[in-house]
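Order of listing sets the numbers, starting from 1, for every ligand and every atom in it. Computed from a prediction, not measured in an experiment: that's the story for all the values here. What's counted below: heavy atoms across the whole structure, side chains too, no hydrogens, waters or symmetry copies. Just so you know, residue 1 is the first one in the sequence shown, and it goes up from there.
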Amino acid sequence: MMITRIYQPDEYEAAAKEIQLGELIAFPTETVYGLGADATNEQAAKRVYLAKGRPSDNPLIVTVSSQAMMERFTGPVDKRAQRLIDHFWPGSLTLIFNVAPGKLSKTVTGGLTTAAFRCPANETTRKMIAAADTPIVGPSANTSGKPSPTTAQHVYHDMNGRIAGIIDDGPTKVGVESTILDLSKGQPTILRPGAVTPEEIEGVLGCPVLADNHHVGKTEIPKAPGMKYKHYAPAAQVLIVATDEWPEALRWADRQEKKVGVMASAVLKKQTSHPFFDIGADVATASRRLFAGLRYFDSDVPVDYILAPAYPEEGLGMAYMNRLRKAAGDQFFHG
Ligand code: TXA
Ligand code: MG
């Protein structure tokens, strides 16, 4: 079995060498940890699918350290894209562009004529990519079907022995994956809600953006190929609890013979004797802690049901609820 080394942020150059050698290195971003490999190395990219156990028709994000690095593959971008890049990069907005044929391997694009580019806010990771002088693929560094990792420990849990190393830069700040915006067609379309909201994008572009948010319900054709796979699915059944349903939900939990885990704001802790995970009292904290909470009740304190709070589906709440609805298979608690 391969030894998975933990790199400190100041060891980014050693990690970059591994990337150049075709090895896999997990890297921090402000959203979630990613699983990196040289995006121009077909074999390395293939090993990412293997390590994740991910279906290989699902294309990978290409993570760059700068716009200039991206333009090696896309050519110069138009004014609309430039405005977005100036405003949101580095940061949590992933942009889909057409790519020149043959510049990226089929393994990365999943055979599409487009690719998704992201320049993360984490400085260590940008330095690592710049030192490797090649873009890296960057799917979330979890086993396929598990919640995305928001700490290096989560990555280690899923990937120990399967990858060369993990750069540990502490817990991620946002906690849900980037917003994906498709600029390859006429009207800009959000394929996955994230920390950057449709309102912010519209503010910068000065034109409406299609938000495919309520999207990708069970019967619709998936827009981002990844949307068709069951993501973020813990072993337990998650039930989403509306704010005014909490008293009833906690009484329901007391009546269960099966184990119930409660993910809620700390003020509710005194009101229940069930295993508890403090998810915070606002949507930003809940987004940051959601995946850690799902993992907590998956492996640390296994339960049969997880209760988790609903938030209004606006702003960051769109991204939070999108992930939570997936984890819950859209099941709400009804008293
Ligand atoms: O925040 C993030 O974006 C994280 C961090 C690590 O950077 N990465 C991430 O990657 O979430 P991943 O691979 O788990 O999700 C990428 C999504 C997938 O659903 C994939 O189908 C979609 O992007 N995607 C990639 N290329 C695409 C393309 N050309 N067209 C449409 N969707 C694409
Ligand atoms: Mg993922």
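Distance alone, capped at 3.5 Å, is enough to place a donor-acceptor pair between the Thr4 side chain and the Gly161 backbone.
Heavy atoms of Pro120 come nearer than 4.0 angstrom to ligand 1 in no pair at all.
Among Ile129, Thr29, Val137, the one residue that satisfies the side-chain contact (heavy atoms from CB on, under 4.5 Å) test with Thr63 is Ile129. Shown are Val262, Val260, Val241; of these, the side-chain contact (heavy atoms from CB on, under 4.5 Å) with Leu250 is made only by Val262.
Inclusion of Tyr33 in the set of residues having an N or O under 3.5 Å from an N or O of ligand 1 is not warranted. On a distance-only criterion, Glu177 and ligand 1 share no N/O pair closer than 3.5 Å.
Those atoms of ligand 1 that come under 4.0 Å of a heavy atom in Ser178, given as number and element, are 1 (O), 2 (C), 3 (O). Atoms of ligand 1 lying under 4.0 Å from at least one heavy atom of Asn58, given by number and element, are 18 (C), 20 (C), 21 (O). Set against the non-hydrogen atoms of Pro59, the atoms of ligand 1 under 4.0 Å away are 20 (C), 21 (O), 24 (N), 25 (C), 26 (N), 27 (C), 33 (C). Remark: ligand 1 atoms within the under-4.0 Å shell around heavy atoms of Leu112 are 28 (C), 29 (N), 30 (N). Close contacts between ligand 1 and Gly34 involve ligand atoms 6 (C) [criterion: under 4.0 Å to a heavy atom].
Proximity of Thr109 to ligand 1, defined as any heavy-atom pair under 4.0 Å, is not found for any part of the residue. At a 4.0 Å heavy-atom cut-off, ligand 1 touches Thr31 through the side chain alone.
In summary, the aromatic rings of Trp89 and Phe117 are positioned with their centroids too far apart to meet the 6.0 Å limit.
For a distance bound of 2.8 Å, the N, O or S atoms of Ser140 include one lying that close to the Mg ion (ligand 2).
The residues Glu248 and Arg251 are annotated as salt-bridged, a charged nitrogen and a carboxylate oxygen being separated by less than 4.0 angstrom. In summary, Glu13 and Lys17 do not engage in a salt bridge, as defined by a charged side-chain N under 4.0 Å from a carboxylate O.
With distances taken over non-hydrogen atoms, the option nearest atom 9 (C) of ligand 1 out of Asp182, Val108, Ile61 is Ile61. Comparing Val32, Val137, Thr94, Thr63 by heavy-atom distance to atom 4 (C) of ligand 1, the nearest is Val32.
Residues Ile61 and Ser178 come closest through the heavy atom pair CD1-OG, 4.4 Å.
For Lys106, there are no salt bridge (charged side-chain N to carboxylate O under 4.0 Å, His left out) partners at least two apart in sequence or on another chain. For Tyr296, the ring-ring contact (aromatic ring centres under 6.0 Å, His included) partners are Phe277, not counting sequence neighbours.
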